[in-house]
Amino acid sequence: MSLLVWNCRGLANPRTIRFLKEIVKHNRPSLIFLSETLVKKNKVDQFCKSIHYAGSFAVESQGRGGGLALIWKNEGGVEIKGSCNHYIDFEVYCEQVGRWRYTGYYGCPERSRRRESWRMLRELASRSNLPWCVIGDFNDMMFVNEKRGGRVQPRWLLDGFSEAVNACGLVDLGFKGCEFTWERSRGNTEWVQERLDRGLANKGWRSLFPEAEVQVLEVSTSDHLPLLLQLKRMVYVKKKKRFRFENMWIQEEECYSLIYNS
């Protein structure tokens with residue numbers, strides 16, 4: 001099972017659609033979470049049908065900005081628990097390991113609203129005790145080395161986001177590939193790169209999927225690189241088998257003595 005996550009910067013752009021179809025074809029993700037779609041629900045539904053996936057859910061864009069979309073490959077197994085302009089919160093059910101929770105997240109891009117983003121993350125954490133993974137464009141960084149070029153990230157922003165992540169009981173899932181997921185002004189002296197997109201998970205989710213890996217796909221038509229979360233191997237929970245009597249046991253010579261002496 002895998003999850004493709006991308007701030008696509010506009011799902012109405014034909015070039016974006018072609019690129020997205022190509023990475024879906026190549027990686028075959030079970031779920032797709034898109035932010036900054038900049039479109040209404042009917043456009044998300046059209047794209048879902050064009051790639052032959054089973055279902056979709058959309059938070060429509062407001063004016064010229066925003067918009068979120070969740071698209072899933074198979075019928076059933078996905079239950080939407082909540083949504084707003086900054087997240088789609090949903091649960092996934094698998095017979096082998098039970099129920100766990102994903103949140104596709106889009107943090108407030110305005111610096112003046114970052115504390116609002118951190119409060120929102122804490123509020124999401126309080127809603128459930130399920131194994132939880134939250135992934136997307138947080139518009140935030142945790143460490144100084146997650147930025148290259150431009151002005152140094154203010155300490156209050158780094159500390160505020162890190163404290164919110166810790167308070168939620170989340171840890172960074174790390175990454176494989178490019179260390180930065182967003183850039184601006186490539187090719188000149190104003191070039192800035194930042195790691196704004198990431199996956200976070202609580203202890204319960206990490207226990208279910210100890211081999212989960214976030215891969216940064218290093219090609220994009222947006223200023224953000226896509227993320228591919230691959231679960232790899234799931235930890236199966238052993239179920240107790242119900243006792244069933246087999247009639248063939250009666251034919252065994254020791255059957256009656258075992259029953260009599262038990």
Side-chain angles (χ1 to χ4, degrees), residues 1-62 65-94 99-107 124 130 132-138 173 181 197-201 205 209 212-217 219-232 234:
M1 186 177 185
S2 61
L3 173 63
L4 178 67
V5 180
W6 188 34
N7 181 328
C8 63
R9 295 299 299 274
L11 199 55
N13 187 328
R15 184 165 172 254
T16 299
I17 294 292
R18 289 194 298 270
F19 172 76
L20 187 52
K21 285 183 176 180
E22 186 63 30
I23 58 176
V24 168
K25 180 181 177 180
H26 180 73
N27 295 286
R28 301 181 183 277
S30 307
L31 300 160
I32 304 168
F33 174 71
L34 304 172
S35 58
E36 287 201 64
T37 58
L38 312 182
V39 295
K40 300 299 182 182
K41 185 180 185 303
N42 66 311
K43 291 292 185 180
V44 174
D45 292 338
Q46 288 175 16
F47 177 75
C48 177
K49 292 177 181 177
S50 73
I51 59 174
H52 308 293
Y53 272 45
S56 64
F57 178 87
V59 176
E60 296 188 342
S61 60
Q62 303 295 318
L68 306 175
L70 177 68
I71 300 170
W72 54 92
K73 180 183 283 187
N74 301 315
E75 290 285 358
V78 174
E79 182 180 351
I80 306 298
K81 305 301 290 185
S83 65
C84 70
N85 294 334
H86 296 283
Y87 64 79
I88 299 177
D89 190 36
F90 60 102
E91 293 179 6
V92 178
Y93 177 76
C94 178
R99 189 176 295 274
W100 71 92
R101 177 187 179 204
Y102 276 126
T103 302
Y105 194 83
Y106 175 63
L124 282 167
L130 284 175
W132 183 35
C133 175
V134 52
I135 187 167
D137 173 12
F138 289 83
L173 294 177
T181 64
D197 309 78
R198 69 180 72 231
L200 305 168
W205 194 91
F209 307 107
E213 181 179 80
V214 176
Q215 181 181 357
V216 181
L217 305 181
V219 178
S220 180
T221 57
S222 165
D223 54 0
H224 286 261
L225 294 175
L227 304 181
L228 182 67
L229 172 61
Q230 296 176 307
L231 302 189
K232 293 191 174 182
M234 292 187 287

Would you please test Tyr105 and Tyr87 for ring-ring contact (aromatic ring centres under 6.0 Å, His included) and show each step? CA-CA 4 Å; Tyr105 194 83; Tyr87 64 79; 7.1 Å; no
Listed partners of Phe19 passing ring-ring contact (aromatic ring centres under 6.0 Å, His included), at least two apart: Trp6
What distance do Leu4 atom CG and Asn27 atom CG have between them, rounded to the nearest 0.5 Å? 7.0 Å
Under 3.5 Å, which donor-acceptor pairs link side chains of residues 29-40 to any protein atom two or more places apart or in another chain?
unit_1, atom_1, unit_2, atom_2, d
Glu36, OE1, Arg9, NE, 3.4
Glu36, OE2, Asn7, ND2, 2.9
Glu36, OE2, Tyr106, OH, 3.2
Thr37, OG1, Gly67, O, 3.4
Lys40, NZ, Ser61, O, 3.3

Flag, side chain of Ser220 to backbone of Ser222, donor-acceptor distance under 3.5 Å: yes
Salt bridge (Lys or Arg N to Asp or Glu O under 4.0 Å) partners of Lys81, counting only residues at least two apart: Glu79
Using 0.5 Å steps for rounding, measure from the CG atom of Leu228 to the CD1 atom of Ile135. 8.5 Å
Among Leu200, Leu173, Leu3, Val92, find the one that has a side-chain contact (heavy atoms from CB on, under 4.5 Å) with Cys133. Leu173
Separation between OG of Ser2 and CG of Leu227, rounded to the nearest 0.5 Å: 12.5 Å
With sequence neighbours left out, the residues meeting salt bridge (Lys or Arg N to Asp or Glu O under 4.0 Å) with Lys21 are none
CG of Leu231 to CZ of Phe209: how many Å apart, nearest 0.5 Å? 5.0 Å
Should we count NZ of Lys43 as having more than 12 external heavy atoms under 6.0 Å? no
For the pair Leu225 and Leu217, evaluate side chain to side chain contact (heavy atoms under 4.5 Å, CB included) and give the outcome as yes or no after the intermediate values. CA-CA 6 Å; Leu225 294 175; Leu217 305 181; 5.9 Å; no
Those residues that, when tested against Arg198, pass salt bridge (Lys or Arg N to Asp or Glu O under 4.0 Å) (two or more places apart): Glu146, Asp172
Contact check, side chains of Thr221 and Asn13, non-hydrogen atoms, under 4.5 Å: no
Which residues pass the side-chain hydrogen bond (donor to acceptor under 3.5 Å, both in side chains) test with Ser56, not counting sequence neighbours? Asp45
